[in-house]
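To start, the structure itself, in structure tokens.
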Amino acid sequence: AEEYRAEDQEVLSTGRARLNFERVRTTRSGNELWLRTSKIPLPGSDGEILGILGVYEDITRRKEIEGCLREQEARMRLVLVSAGDGIITINSDGIIESFNRAATRLFDYSSSEVIGVHVNRLIPESYRSAHDGHMKRSLETGIANIMGTGREVQGLRKDGTTFPLFLTVSQLEIEDELLFIGIIRDLTREKEKETELLKLSSVVENNPSAIIITDLKGTIEYVNPQFVELTGYAVTEIVGKNPRILKSGNDPEKYKNLWTTIQSGQVWRGEFHTRRKDGTLYWSGPTISSIVDKEGKIIRYVGVSRDITRQ
């Protein structure tokens, strides 16, 4: 009440109106009531202020909505800051407007170093023209041919080194302002794993020994070219079959011992009289072991053997 009287006294004494200021008051029920208020002096014929015209508008609902929006914005900012992937927002001119914490780790720039700078700073020279072309077509035609889709590109770090990344771009329009949001995932580790797998695959494919991989039931899932050459079976003829197709019929006890050994996680080594597709026999000296997952659980069996007939 004192505050309201002070405001009234100020208007009366100065003769100047106070327009559109906001006040909150507590109702008798204990709820908050927000009012947008204007107080206008009412002069008499002689110019003296006779009183005050007070105009009040209830803006409580608007304040509640604004509070919800601020809360949602705070949550979104928290998500952006804590997200594991890099998130970068640029405007229609390609200028960076936001740069989250993960992006700073990926590119080695602080947010203050890149906000307000063209996004080309983060793109290697060989990719810039394509990026600019995508943005230009999107702005000119309204057709966002890369929006919502992901693709592999290269990123440019602060120190000039490049790294592979997976980029997903989406488009957002806020109050007639067009924004592009890029979500970035570092592919460095995945590419390193791919390289290691390619090396391993090359070693297996070109190995002079016959290599066979089966599931836990013994169903053949893979054979290398040397296995095909040694046994005479084509890949399509042998995959999905059981290795018993190679049995000569001798040494049944040896096969029992083999399965007992590898199912216990141990390595089995020995010799077999093996039958080729054409029915001829040869002596093989296989080494058979288990493949385990991260928890140590057996998931496959692998056999490596050579023709030892001449030995």
Side-chain angles (χ1 to χ4, degrees), residues 1-83 86-104 109-121 135-136 138-142 144 147-148 169-183:
E2 290 296 329
E3 186 177 17
Y4 283 96
R5 281 195 290 270
E7 291 169 355
D8 291 347
Q9 187 59 44
E10 179 184 347
V11 173
L12 288 171
S13 60
T14 63
R16 293 194 298 269
R18 293 197 61 190
L19 303 174
N20 298 322
F21 61 95
E22 297 177 358
R23 285 282 182 265
V24 61
R25 56 175 294 187
T26 303
T27 65
R28 291 180 180 179
S29 60
N31 297 320
E32 283 191 344
L33 176 66
W34 279 91
L35 298 173
R36 181 164 61 186
T37 304
S38 294
K39 294 187 176 184
I40 305 167
L42 297 175
S45 57
D46 58 358
E48 287 193 21
I49 305 301
L50 301 178
I52 298 174
L53 173 64
V55 180
Y56 303 92
E57 178 187 359
D58 185 349
I59 59 171
T60 305
R61 181 56 181 162
R62 194 197 77 188
K63 285 294 185 178
E64 290 173 349
I65 293 172
E66 288 177 353
C68 289
L69 290 175
R70 282 195 297 271
E71 185 177 339
Q72 290 178 357
E73 182 181 1
R75 289 177 179 175
M76 286 303 300
R77 288 187 181 277
L78 181 61
V79 169
L80 290 175
V81 168
S82 59
I87 302 177
I88 301 173
T89 304
I90 65 173
N91 63 20
S92 57
D93 294 320
I95 303 302
I96 298 171
E97 295 197 351
S98 71
F99 198 75
N100 78 337
R101 189 179 299 164
T104 67
Y109 283 105
S110 66
S111 59
S112 61
E113 290 178 297
V114 292
I115 289 178
V117 175
H118 199 281
V119 72
N120 276 348
R121 178 174 292 189
M135 283 197 63
K136 183 178 179 182
S138 177
L139 293 171
E140 289 178 347
T141 65
M147 301 304 156
V169 180
S170 59
Q171 188 173 303
L172 180 65
E173 189 170 343
I174 301 177
E175 296 180 353
D176 296 328
E177 181 183 7
L178 190 60
L179 299 175
F180 297 94
I181 303 170
I183 300 177

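If you read the sequence from its start, that first residue is 1, and numbering goes on from there.
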- Query: Under a 4.5 Å cut-off applied to non-hydrogen side-chain atoms, are Glu97 and Phe180 in contact?
  - Reply: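 The answer is no; the side chains never approach within 4.5 Å.
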
Taking the side chain as everything from C-beta on, heavy atoms only, tell me whether Val119 gets closer than 4.5 Å to Val114.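 Sidechains of Val114 and Val119: no contact.
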
From [X] atom [atom1] to [Y] atom [atom2], the distance as rounded to the nearest 0.5 Å:
| X | Y | atom1 | atom2 | value |
| --- | --- | --- | --- | --- |
| Asp58 | Leu35 | CG | CG | 6.0 Å |
| Phe21 | Lys39 | CZ | NZ | 5.0 Å |
| Leu178 | Asn91 | CG | CG | 9.0 Å |
| Gln9 | Thr14 | CD | OG1 | 9.5 Å |
| Leu33 | Ile59 | CG | CD1 | 9.0 Å |
| Tyr109 | Ile88 | OH | CD1 | 11.0 Å |

Enclosure of Arg23 CZ (heavy-atom neighbours >12, cutoff 6.0 Å):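 Yes, because the 6.0 Å sphere around CZ of Arg23 holds more than 12 heavy atoms from other groups.
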
### Message
Can you tell me if Arg62 has over 12 outside heavy atoms packed within less than 6.0 Å of its CZ?
### Response
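For Arg62, atom CZ is crowded (more than 12 foreign heavy atoms under 6.0 Å).
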
What are the two closest non-hydrogen atoms of [X] and [Y], and how far apart are they?
| X | Y | answer |
| --- | --- | --- |
| Pro41 | Gly15 | CG-O, 3.3 Å |
| Val11 | Ile40 | CG1-C, 4.4 Å |
| Ser98 | Ile96 | O-CG2, 3.6 Å |

Listed by chain and number, what are the salt bridge (Lys or Arg N to Asp or Glu O under 4.0 Å) partners of [X], not counting sequence neighbours?
| X | value |
| --- | --- |
| Arg121 | none |
| Glu57 | Arg36 |
| Glu32 | none |

| task | Answer yes or no: is there a donor N or O on one side and an acceptor on the other, between the side chain of Thr60 and the main chain of Trp34, under 3.5 Å? | result |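 Flag set: sc Thr60 to bb Trp34 pair under 3.5 Å.
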
Original post:
Hey, does the side chain of Ser38 reach the backbone of Asn20 with a donor-acceptor pair shorter than 3.5 angstrom?
Top reply: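 Yes, the answer is positive, given that a donor and an acceptor are paired below the 3.5 Å cut-off.
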
Worked check of side chain to side chain contact (heavy atoms under 4.5 Å, CB included) between His118 and Ile95
CA-CA 4 Å; His118 199 281; Ile95 303 302; 4.2 Å; yes

